[in-house]
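Remember, it's 1-based here, ligands and their atoms both numbered in the order they're listed.
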Amino acid sequence: MSSILVLVEHRQGAIRDVTFEMLTAARKLAAPAGGKVEAVLFGDGCDAMLPGLQSQADRVVYAAGPAFKDFNYESYQKALVKLVAERKPSAVLIANSAFGTDLGPSLAVALNAGLVSDAVAFTKADSGFSVSRGMYAGKLVADWSVGSEPAVIMVRQSNFKPEPASLSGEVVRWEAGDVVSGGKTKFLSLEEVPTTGIDITKATIVVGIGRGIKEAKNMPLVQEFAKEIGAVLAASRPVVDAGWLPKEVQVGSSGKTIKPKLYIALGISGAFQHIAGMKGADTIIAVNKDPKAPIFSVAHYGIVDDLHKVIPVLRTKIKELAS
Ligand SMILES: Cc1cc2nc3c(=O)[nH]c(=O)nc-3n(C[C@H](O)[C@H](O)[C@H](O)COP(=O)(O)OP(=O)(O)OC[C@H]3O[C@@H](n4cnc5c(N)ncnc54)[C@H](O)[C@@H]3O)c2cc1C
């Protein structure tokens with residue numbers, strides 16, 4: 001194996017968590033095969049990001065300039081094609097994010113490389129890579145064989161746990177040159193969707209509520225419970241569709257993937273689209289009055305009963321233990 005290039009994703013001056021997840025995965029992939037990890041940073045005035053990347057990669061390739069002030073898939077794609085031709089990596093890792101989805105497929109076409117999106121695991125094969133990805137909204141995991149090198153692998157966010165490292169990668173200042181000028185795509189502005197500021201992907205304890213909550217008037221019960229145990233509230237899709245909680249807290253294949261230390265599922269049946277987003281939690285506790293609910297197949301602990309009866313008992317017990 002030669003090297004693994006990891007495209008640094010950043011926004012508004014901050015490196016996004018998925019970058020460190022990818023760098024961790026890349027180190028694990030490269031180390032046994034004697035390969036190196038190279039973080040690729042495209043940006044304008046992003047020098048402050050370098051130390052954080054140097055500790056995580058063997059080399060940081062930094063292309064600075066106005067062409068990279070904002071994300072533009074065209075400039076990124078052209079620069080990456082040039083960089084790949086020079087460095088000849090075995091694989092290019094890109095986040096399976098909104099940015100990555102814009103960039104990955106056209107990059108693979110331009111490189112005549114194999115592409116796997118939404119990757120959740122990958123290993124080096126004799127020739128190319130073996131890559132696992134979710135299919136049918138997470139109902140099954142399919143193993144793909146990518147024969148090309150480089151392979152373009154789009155990595156699912158919040159799937160790999162970022163780990164600290166103490167490398168001291170050299171910084172290579174790199175010029176993309178003319179290839180990034182004259183593109184057809186222009187960045188106009190970044191329009192942020194108003195948010196509540198709750199980031200369920202960062203929470204340690206998450207209480208997920210489902211249709212079993214029945215009515216909006218029952219929300220205070222779970223809200224108080226979550227507050228008492230220091231959890232953030234998340235939801236299955238029907239709860240979001242009903243407008244009881246915002247879309248940004250939806251867990252699942254069309255919502256967010258989370259990996260908290262503890263996930264408490266209240267009145268959630270465990271449809272595969274939901275499980276796809278929370279099965280990576282360290283501990284899962286499910287409360288459901290139906291003993292056959294599929295959520296129990298992924299739960300470490302289960303309580304078969306009415307959540308309206310269970311929550312008050314849990315609150316009392318937790319208070320007793322806390323005192
Ligand atoms: C393309 C697509 C994408 C989707 N994406 C997502 C997604 O990202 N996230 C997601 O969650 N869903 C998603 N869905 C929807 C998914 O298929 C399910 O419909 C949904 O997850 C069900 O939500 P639920 O478990 O809250 O509701 P239900 O399936 O209706 O389950 C409610 C559960 O509550 C239990 N219950 C009822 N009353 C009580 C009570 N008093 N006490 C205890 N338990 C009780 C019931 O036994 C039942 O198991 C998607 C669907 C499609 C087609």
Side-chain angles (χ1 to χ4, degrees), residues 18 95-98 101 117-118 120 133-142 156-159 193 195-196 198-203 205-226 229 231-260 262-281 284-318:
V18 66
N96 198 76
S97 59
T101 310
S117 59
D118 201 23
V120 293
R133 60 152 297 162
M135 301 275 295
Y136 304 113
K139 198 168 193 178
L140 55 91
V141 174
R156 182 186 288 183
Q157 301 182 83
S158 305
N159 179 67
V193 177
T195 65
T196 56
I198 302 164
D199 186 353
I200 58 169
T201 65
K202 295 213 165 78
I205 308 174
V206 176
V207 172
I209 51 173
R211 191 148 38 195
I213 189 79
K214 294 275 186 327
E215 295 176 77
K217 72 174 170 56
N218 295 325
M219 288 294 290
L221 176 73
V222 285
Q223 279 161 338
E224 283 158 25
F225 172 58
I229 62 169
V232 299
L233 271 190
S236 67
R237 182 157 147 180
V239 170
V240 171
D241 288 348
W244 300 339
L245 283 174
K247 170 80 182 159
E248 67 195 278
V249 303
Q250 182 182 317
V251 172
S253 57
S254 53
K256 298 215 168 119
T257 303
I258 58 171
K259 281 190 152 193
L262 175 63
Y263 184 73
I264 305 177
L266 302 172
I268 292 177
S269 61
F272 66 85
Q273 293 96 342
H274 186 81
I275 287 177
M278 45 60 79
K279 64 179 181 223
I284 299 167
I285 300 174
V287 180
N288 195 305
K289 63 182 187 183
D290 175 6
K292 294 199 174 125
I295 191 76
F296 290 125
S297 66
V298 291
H300 301 95
Y301 302 95
I303 302 170
V304 180
D305 212 334
D306 185 329
L307 67 91
H308 299 97
K309 281 200 288 184
V310 174
I311 293 175
V313 176
L314 281 178
R315 290 176 70 180
T316 310
K317 283 277 167 208
I318 290 166

Item to check | ligand 1 contact on P238 by region, counting heavy-atom pairs under 4.0 Å | outcome: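 Under 4.0 Å from ligand 1, P238 contributes side-chain atoms alone.
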Checklist entry - If you measure from each non-hydrogen atom of D305 to ligand 1, which part falls under 4.0 Å: side chain, backbone, both or neither? => result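 The part of D305 near ligand 1 is the backbone, not the side chain.
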Among [options], whose heavy atom sits nearest [atom]?
atom: atom 26 (O) of ligand 1; options: A293, P291, S236; answer: S236
atom: atom 19 (O) of ligand 1; options: K289, R237, R211; answer: R211
atom: atom 34 (O) of ligand 1; options: G267, A242, S269, S254; answer: G267
atom: atom 46 (C) of ligand 1; options: I311, N288, D290, I213; answer: N288
atom: atom 37 (C) of ligand 1; options: A271, G212, G210; answer: G212
atom: atom 8 (O) of ligand 1; options: Q250, K247, Q273, K256; answer: Q250

Checklist entry - With a 4.0 Å cut-off, would you call E224 and R315 a salt bridge? => result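 Between R315 and E224 there is a salt bridge, with a charged N closer than 4.0 Å to a carboxylate O.
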Checklist entry - Are K289 and D306 ion-paired here, with the side-chain N under 4.0 Å from a carboxylate O? => result no
Item to check | Atom of T257, atom of Q157 and distance for their closest heavy-atom approach | outcome: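 Nearest heavy atoms, T257 then Q157: CB-O, 4.0 Å.
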Item to check | Sub-4.0 Å heavy-atom approach of L266 to ligand 1 | outcome: no
Checklist entry - Is there a heavy atom of G277 sitting under 4.0 angstrom from any atom of ligand 1? => result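 The answer is no, since G277 has no heavy atom less than 4.0 Å from ligand 1.
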Keeping the roles fixed (side chain from [X], backbone from [Y]), state whether a donor-acceptor pair exists under 3.5 Å.
X: N96; Y: R156; value: no
X: K256; Y: E248; value: yes
X: H274; Y: I268; value: no
X: N159; Y: V120; value: yes

Could you list which atoms of ligand 1 come closer than 4.0 Å to a heavy atom of [X]?
X: D306; answer: 40 (C), 41 (N), 42 (N)
X: G255; answer: 8 (O)
X: V251; answer: 7 (C), 8 (O), 9 (N), 10 (C), 11 (O)

Checklist entry - Hey, are R133 and S117 close enough side-chain-wise for a donor-acceptor pair under 3.5 Å? => result yes
Item to check | Short N or O distance, L307 and ligand 1, threshold 3.5 Å exclusive | outcome: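 Right, the criterion is met.
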Next on the checklist: Rounded at 0.5 Å granularity, tell me how far CG in D241 sits from CD in Q250.
Outcome noted: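 One finds 6.5 Å between CG of D241 and CD of Q250.
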